[in-house]
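Side chains are part of it too, since the values below use all heavy atoms of this structure and drop only hydrogens, waters and symmetry mates.
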Amino acid sequence: MQPITVKLLHWYDSHHRILPWRISPRDRLAGVVADPYRVWLSEIMLQQTTVEAVKPYFRAFTEKWPTVTHLASASQDDVLRAWAGLGYYSRARNLKKCADIVCAEFGGRFPIDVAGLKSLPGIGDYTAAAIASIAFDLPTAVVDGNVERVITRLYALATPMPFAKPEIRLRMQAITPDERPGDFAQAMMDLGATICTPRRPACVICPLNDNCEALRTTDPEFFPVKAPKKEKPVRVGAAFVAASTDGEVFLRSRIETGLLGGMAEVPTTGWTARLDGDTDVDAAPFPANWISAGSITHVFTHFELRLAIYRAGEVQKDIAADGWWVKVEKLTGEALPTVMKKAIAAAIPDAFAKRRKEE
DNA sequence: GATCCGTGGGG
DNA sequence: TCCCCAAGGAT
């Protein structure tokens, strides 16, 4: 093993993070094996998502669906409801598709090779390598954002992203050991998350500071080099929150594909398209006593949305088609993305208010 | 290769 | 407040 590999594994043995989906090096040494289902589920949830945001969702999913077979038996809508709030909803749709395939075509067991894993929906280069190394002990180069940062610093790779990816992969492959490849991959990610951070890395306490070319010659914070990002356009639209006399809100389903695909929404104008939506009350989905309830702003990955909010009370339930009515208290159980919770909260301020403990 | 896809937290 | 970005994948 290379010096870097030995040092990092040694560091990991005493400084690894304790995570709900992780087998500690001590337990691993004692013969505890990782559950591929839990590894897969955690890796999908962790895509572009912070550890702290994932933890409660991981607990909820594994409690509700302890095995991939349980998950396959759930409906897509069940999965979307449980995923609501975590973002990137195509992950949830692909999660369900993947579970179905694993159960129907692989007898409930994940393929134990990178190519087989990559063929499954929602599993790309990173996730296939992560599952292969963490769950199956295959010495595969696991490259995520942390690894990109650590490697470009270790070797002072100044090629801008994403053009540096091939070089990064080669460097990672070269230091990935045949023994404990999963621990090594997780060690690289822990190092990137806790010490080799994007800003103000803690080089003084880094186990690899003697090996870091960026630290020796310049400032590690310069790496990885990235192209400047473009500004976000602003889109506008309107959302319509209709309430019935018996305290229910009208919801409908979004189309399966694209932004917030398959999730629930209150009726809105067409802000999803490049063109801005209508912000006027005349664009309401059905006639009612619409009253302005202000506006909300929500920032997506590639645009900013400003929605005018309208509310109407005492709406006849038979006036609206292609949707359903739900009690305000039951809204939490719906597959509502955050932007829709904001819209509803603007119209019904206590819709998602947390229950106060009785005095 | 570039673009589309959420959200919440930290500096 | 604003900007950055976090264990990426699909098209």
Where A/S42 and A/F58 come nearest, the two heavy atoms and their spacing: CB-CE1, 3.9 Å

Salt bridge A/D183-A/R180, side-chain N to carboxylate O under 4.0 Å: yes

Exercise: do A/Q47 and A/R91 side chains pair donor with acceptor under 3.5 Å: no

Under 3.5 Å donor-acceptor pair, A/R93 side-chain atoms to C/dA10 base atoms: no

Short side-chain N/O contact from A/H298 to OP1 or OP2 of B/dG6, under 4.0 Å: no

DNA chain B contacts among residues 34-58 of chain A, heavy-atom distance under 4.0 Å: A/Q48, A/T49

Stretch residues 80-92 of chain A: residues that reach within less than 4.0 Å of DNA chain B through a heavy atom: A/G85, A/L86, A/G87, A/Y88, A/Y89

Which residue lies more 5' along DNA chain C, comparing A/K118 with A/L19 via nearest heavy atoms: A/L19

Pairwise P distance, C/dA7 and B/dG11 [rounded to whole Å]: 15 Å

Touch class at under 4.0 angstrom, heavy-atom based, for A/K230 against every strand present: sugar-phosphate

Between C/dC3 (P) and A/R199 (CZ): distance, integer Å: 13 Å

Gap between atoms CD1 and P, on A/I296 and B/dT7 respectively (whole Å): 10 Å

Minimal non-hydrogen separation, A/P177 against A/M1, with atom names: CB-SD, 3.6 Å

Proximity to DNA chain B (any heavy atom under 4.0 Å), residues of residues 126-150 of chain A only: none

Inter-nucleotide C1' distance (C/dA6, B/dG6), Å rounded: 12 Å

Pair A/Y126-A/E43, side-chain donor/acceptor within less than 3.5 Å: yes

Solution key, residues 314-321 of chain A side-chain donor-acceptor pairs under 3.5 Å, sequence neighbours excluded:
residue, atom, partner, partner atom, Å
A/K317, NZ, A/D246, OD2, 2.9
A/K317, NZ, A/E248, OE1, 2.7

Nucleic acid contacts of residues 153-190 of chain A, taken as heavy-atom distances under 4.0 Å to DNA chain C: A/M189

Passing candidate, side chain to side chain contact (heavy atoms under 4.5 Å, CB included) with A/V150, options A/M188, A/M172, A/M189: A/M188

Mutual orientation of the aromatic rings belonging to A/F61 and A/W83 [parallel < 30°, tilted 30-60°, perpendicular > 60°]: perpendicular

Spacing between A/K341 atom NZ and B/dG6 atom P, to the nearest angstrom: 15 Å

Lys/Arg N to Asp/Glu carboxylate O, A/E265 vs A/R254, below 4.0 Å: yes

Atom pair distance, as rounded to whole Å: NZ in A/K226 and P in B/dA2: 15 Å

Nucleic acid contacts of residues 252-265 of chain A, taken as heavy-atom distances under 4.0 Å to DNA chain B: A/G258, A/L259, A/L260

5'-most by nearest nucleotide on DNA chain C - A/R22 or A/P121: A/R22

Side-chain heavy-atom pair A/D190, A/W11 within 4.5 angstrom cut-off: yes

Whole angstrom value for the distance that separates C1' of C/dA10 from CD1 of A/I123: 14 Å

Spacing of A/K229 atom NZ relative to B/dC4 atom P, expressed in whole Å: 14 Å

Aromatic plane relationship, A/F300 with A/H298 - under 30° parallel, 30 to 60° tilted, over 60° perpendicular: perpendicular

Euclidean distance for C1', C/dT1 against B/dG8 (whole angstrom): 16 Å

Any A/K232 side-chain nitrogen or oxygen under 4.0 Å from OP1 or OP2 of C/dC3: no

A/H70-A/T67 side chain donor-acceptor pair, cut-off 3.5 Å: yes

Ring geometry between A/F286 and A/W290 (parallel below 30°, tilted from 30 to 60°, perpendicular above 60°): tilted

Integer angstrom distance from the C1' of B/dG1 to that of C/dT11: 12 Å

Between P of C/dC4 and CD of A/E221, the distance in whole Å: 13 Å

Pairing of A/R200 and A/E221 as salt bridge, 4.0 angstrom limit: no

Residues A/E167, A/R171: salt bridge by 4.0 Å N-O rule: yes

Side-chain N,O (A/H302) to OP1/OP2 (B/dT3) below 4.0 Å: no

Short N-O contact, A/D100 and A/K97, less than 4.0 angstrom: no

A/A239 to A/V266 - nearest heavy-atom pair and separation: CB-CG2, 4.0 Å

